[in-house]
> 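Take this structure first; my questions come after.
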2 protein chains.
Amino acid sequence: MELVGTTRQRLITATNESFRHRGYHGTSVQAVVEAAEATVGSLYHFFPGGKSELAEATVQETGAAYGDLFSVFLAETASAEEAVRAFFHGAADALVESDFIDLCPIGTVAREVASEDERLRTAAADVFGQWVDKLVAPLVAVGIDAETARDRATAVICLLEGAFVLARTSRDAGVLRTTGSFAAAMIAEAVREASARRV
Amino acid sequence: MELVGTTRQRLITATNESFRHRGYHGTSVQAVVEAAEATVGSLYHFFPGGKSELAEATVQETGAAYGDLFSVFLAETASAEEAVRAFFHGAADALVESDFIDLCPIGTVAREVASEDERLRTAAADVFGQWVDKLVAPLVAVGIDAETARDRATAVICLLEGAFVLARTSRDAGVLRTTGSFAAAMIAEAVREASARRV
DNA sequence: ACCCTACTAGAGCGTTCGCTCTATAATGGA
DNA sequence: TCCATTATAGAGCGAACGCTCTAGTAGGGT
């Protein structure tokens with residue numbers, strides 16, 4: 001693992017890494033501390049709320065990083081459709097390269113603690129909401145009504161999260177590529193309908 | 001929790017219930033034994049391989065039960081499209097009724113242990129494969145070619161798994177209903193194309 | 001009556017868990 | 001230089017972890 005940044009950053013990076021492999025309950029603060037080359041003292045200095053607070057910060061910060069990544073794809077491609085397709089394909093490549101590690105710790109953590117840690121649940125919900133918003137914006141910009149845009153964007157995130165699970169479980173990145181095509185087609189269809197309505 | 005059946009069945013039911021709430025690592029054998037009104041001795045009698053073997057049996061048996069449930073929907077509706085929509089809507093109702101408990105422990109467990117327990121990983125992969133097969137069959141039966149049918153069926157399962165995560169995390173069952181419509185539309189489109197090609 | 005297999009029962013093993021605590025360094029402003 | 005703040009360090013706490021082990025019970029076959 002990369003050992004860069006401040007102690008706080010290293011702790012979050014190590015937590016994120018462990019969440020990807022083993023989820024929330026499978027991650028021990030001892031293991032995080034070792035991987036981050038820090039000490040328990042430092043961890044409880046930066047995160048007085050302990051494991052839960054560390055997890056919340058990890059979900060928020062890595063969730064925002066994923067959102068930024070999608071923004072990059074949006075900026076570098078000609079349309080939301082292409083951005084979505086590129087994102088799924090990029091995820092597929094990353095999955096293979098990482099030997100099928102979980103690419104999205106947020107989904108894993110959310111499933112584990114949604115019933116027992118309300119702050120962590122809302123943190124994960126906020127992240128998903130941000131992702132949807134990122135995708136909604138360019139759709140509304142091309143004339144799609146807000147509700148349709150939101151429904152489609154949400155479905156794309158669902159496809160992505162589900163594809164992560166199936167691809168990783170079956171060790172077959174192809175799932176991400178084919179579902180990426182469906183996701184892109186779903187966006188393209190909404191764009192087509194909106195432009196047809198305007199004529 | 002319902003306390004019915006043999007000791008072995010009660011253990012699996014209790015494990016399934018705990019997996020839904022807290023996942024694999026968050027589930028302790030002690031807690032399972034108490035919920036099932038059994039003892040550790042009985043648990044290790046039926047599952048000599050311990051927690052891992054108990055989890056494997058739980059994934060296999062509850063996974064098959066979900067598959068059977070979809071078969072019921074297929075038998076009771078006129079088309080695969082309607083069965084898919086009904087399944088998603090039924091899941092949405094069940095999610096609300098259960099106060100947003102996780103409806104699919106398999107996805108949770110798979111994400112947690114795919115990197116560290118190979119037998120459990122393949123057990124989960126088998127379950128997902130069975131679900132896809134269940135949905136592929138009626139599509140092929142109406143003339144859709146095998147590859148298209150498999151891709152669409154896989155995408156539907158991805159939508160379902162992803163919708164579980166988002167719906168539970170945001171405590172909004174509506175996600176399951178709208179994605180269910182997209183899933184049904186995806187099936188309907190393939191059916192339409194196949195029948196058009198046959199003319 | 002006897003025994004053999006299937007199952008139940010739970011005390012207790014060593015380990016790891018999240019976390020607290022006190023002591024010690026490093027840092028920067030007055 | 002002095003001190004207050006910030007950060008590092010790790011021994012050690014009680015509790016919970018997965019699991020083993022021995023003892024005891026239930027019930028059918030002979």
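To find a chain, count down the sequence lines: A is the first, B the second, and so on, and within it residues start at 1.
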> Using atom CZ of B:Phe47 as one end and atom C1' of D:dG18 as the other, report the distance to the nearest whole Å.
16 Å
> Could you give all pairs that pass the ring pair (Phe, Tyr, Trp, His ring centres under 6.0 Å) test and reach residues 81-127 of chain B, with sequence neighbours left out?
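Residue pairs with at least one partner in residues 81-127 of chain B: B:Phe70-B:Phe87, B:Phe73-B:Phe87.
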> Which residue pairs satisfy the side-chain hydrogen bond (donor to acceptor under 3.5 Å, both in side chains) criterion with at least one member in residues 181-192 of chain B, sequence neighbours excluded?
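Checked against side-chain hydrogen bond (donor to acceptor under 3.5 Å, both in side chains) - neighbours excluded - the pairs reaching residues 181-192 of chain B are B:Arg152-B:Glu189.
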> If only atom types and distance count, is the side chain of A:Gln9 paired as donor or acceptor with the main-chain N or O of A:Thr6 below 3.5 Å?
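Checked: pair present.
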> Can you tell me the distance, in whole Å, between the NE2 atom of B:His45 and the P atom of D:dA23?
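About 19 Å, once rounded to whole Å.
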> D:dC19 P sits how many Å from B:Tyr44 OH, rounded?
4 Å
> Would you kindly give the CD-to-P distance between A:Gln30 and D:dC13, to the nearest whole Å?
16 Å
> When you compare the side chains of A:Thr108 and A:Asp102, does any donor N or O come within less than 3.5 Å of an acceptor on the partner?
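Yes - a donor-acceptor pair under 3.5 Å links their side chains.
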> Could you tell me whether the phosphate oxygens of D:dA7, OP1 or OP2, come under 4.0 Å of any side-chain nitrogen or oxygen in A:Thr7?
no
> Whole angstroms only, please: what is the CZ-C1' distance between B:Phe46 and D:dC19?
18 Å
> Under 4.0 Å between any heavy atoms, over every strand shown, what does A:Thr39 touch: base, sugar-phosphate, or nothing? Just pick one.
base
> To the nearest angstrom, how far is B:Leu11 atom CG from D:dG18 atom C1'?
15 Å
> Reckon B:Thr6 touches a base, only the sugar-phosphate, or nothing at all at heavy-atom distances under 4.0 Å?
nothing
> If you walk 5' to 3' along DNA chain C, what is the first nucleotide with an atom under 4.0 Å of a heavy atom in chain A, and what is the last?
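First and last nucleotides in contact are C:dC17 to C:dT20.
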> If I take atom CZ in residue B:Arg22 and atom P in nucleotide D:dA16, what distance separates them, rounded to the nearest angstrom?
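Nearest whole value for this atom pair: 14 Å.
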> Taking transitive links into account, so neighbours of neighbours count too, which hydrophobic residues share a cluster with B:Val113 at under 4.5 Å side-chain distance?
A:Val165, A:Leu166, A:Val175, B:Phe19, B:Tyr24, B:Val59, B:Tyr66, B:Ile106, B:Val109, B:Leu120, B:Val127, B:Phe128, B:Trp131, B:Val132, B:Val136, B:Val140, B:Ile157
> Classify B:Ser52 by what it touches in the nucleic acid, base, sugar-phosphate, or nothing, heavy-atom distance under 4.0 Å.
nothing
> Which residues satisfy the side chain to side chain donor-acceptor pair (under 3.5 Å) test with A:Glu34, sequence neighbours excluded?
none
> Tell me which of A:Ala31 and A:Gly41 sits closer to the 5' end of DNA chain C, going by the nucleotide each one is nearest to.
A:Ala31
> Which residue pairs pass the ring pair (Phe, Tyr, Trp, His ring centres under 6.0 Å) test when at least one of the two sits in residues 32-57 of chain B, sequence neighbours left out?
none
